[in-house]
Amino acid sequence: MSSDQKKRIAEIRAQALDLTDTIKTLSELGEFRVRFLGRKSELTSILRSLKDLPEEERREVGKAANTLYREIEEALDFREKSLESMPSELTLDVTRPGIRPRIGAAHPTTKILESFEEVFTSMGFEVVEGPEVETDYYNFEALNIPKGHPARDMWDTFYLESPEAIQDKAQSSELRAQGEKERLLLRTHTSPVQVRVMEQRKPPIRIIVPGRVYRHENEDATHSAMFYQVEGLLVDEGITFAHLKATLMYAFRLILGEDRIFRFRPSFFPFTEPSAEVDVRCEYCEGTGCETCRGKGWLELLGAGMVHPNVLKKVGYDPDTVSGFAFGAGPDRIAMKKYGFTDIRMLYKNDLRFLSQFI
Ligand code: DAH
């Protein structure tokens, strides 16, 4: 009797443990559990009949049967866990609480840049990029900002080469002047790309240039040493300030909202004449002055103007036959206005609690 039962236990063991890996669903697993461990299972009846065995056999058979019971239980628990973690439709349990999918969100500046691209490409502008490491020539000189010109102070520049290094490299004064033009820096604005494109092509030109720019600034809520700009340039025959105004108003109503009110204010940039700054009326106070607009009633949006004849001449264009307009806008600041936050540094902190709001 006892050796019979030990043999049966060994057989049940082989059968049960071999089969656990073939279980495919949680309901199959339930049936299996009933079959091998349930009240009517063979193993249970062996355990139940232990009391009828002589003392010695009882201990032996009892130990083997209990061990097997635990082994099967463990194997089934293990299988259950692996079935639960298996992303199979076979294990789909519609009553389980769902897992909320994480949805990516575009960076607020990216969203503004995308709306610029959408609006301007719809008007026939092409999106062009240029290098972030520029030369003195493209960043300043070709834009009508010669060396020593006080307007250079408008841009606090990160130079990548010291003036001494440039002087040392050059033997003659001619080479020195050449070296100074080629002195490397981090571009302080996207305007140099205007020059690069005009050098390569003939009018008509219609481009926008999104990109990063760098300034040697103390960072605070409204200043960052690295930020974005979008440059615009249109050159053709007979372009006037009216084209500039109509294009910008059309574009910015689409980007910021149909009902926004804009104003053009005279300004100065070395590479445009005349120059203007465009403001948008503060939407919080509607022009009466509040904290957001620092009491001014207006928020600065961009710089713009008619391309200076000197800039056109530098790239070999004849200012008597072609003219153009240009503008430079700050998408970071536009994002701040559009989404209503007041610290530009939030854009560059990579704090997901902030960034994931802009879906
Ligand atoms: N480059 C200027 C800046 O960084 C912005 C600007 C003003 C660009 C007028 C232009 C322009 O193209 O016409 O401050």
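Side chains included, hydrogens not; waters and symmetry mates left out as well; all remaining heavy atoms used. In each ligand, atom 1 is the first atom listed, and ligand 1 is the first ligand listed.
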Ligand-residue contact atoms, ligand 1 with Thr272, heavy atoms, under 4.0 Å: 13 (O)
Within 6.0 Å of CD in Glu286, more than 12 heavy atoms from elsewhere: no
Shortest reach to atom 11 (C) of ligand 1 by a heavy atom, considering only Phe271, Trp155, Phe325, Phe268: Phe271
Salt bridge flag under 4.0 Å for residues Arg183 and Glu141: no
Atoms of ligand 1 close to Phe269 [distance to a heavy atom under 4.0 angstrom, numbered from 1]: 7 (C), 9 (C)
Short N-O contact, Glu126 and Arg201, less than 4.0 angstrom: yes
Subset of ligand 1 atoms that lie under 4.0 Å from at least one heavy atom of Gly305: 13 (O)
From Gly328, Gly324, Ala329, Ala326 - option closest to atom 5 (C) of ligand 1 by heavy atom: Gly328
Ion pair check, Arg70 and Asp77, cut-off under 4.0 Å: no
Arg8 with Glu11: basic N within carboxylate O range, under 4.0 Å: yes
Side chain, backbone, both or neither: Arg215 near ligand 1, heavy atoms under 4.0 Å: side chain
Ring centres under 6.0 angstrom apart (Phe158, His216): yes
Element-labelled atoms of ligand 1 that are located less than 4.0 Å from some non-hydrogen atom of Gln194: 12 (O)
Nitrogen or oxygen of Gln229 less than 3.5 angstrom from that of ligand 1: yes
Protein contact to atom 12 (O) of ligand 1 [nearest heavy atom, distance to 0.1 Å]: Glu231 OE2, 2.6 Å
Distance-only side-chain donor-acceptor flag, Glu219 / Tyr348, under 3.5 Å: no
Atoms in ligand 1 flagged as close to Ser191, the criterion being non-hydrogen separation under 4.0 Å: 1 (N), 8 (C)
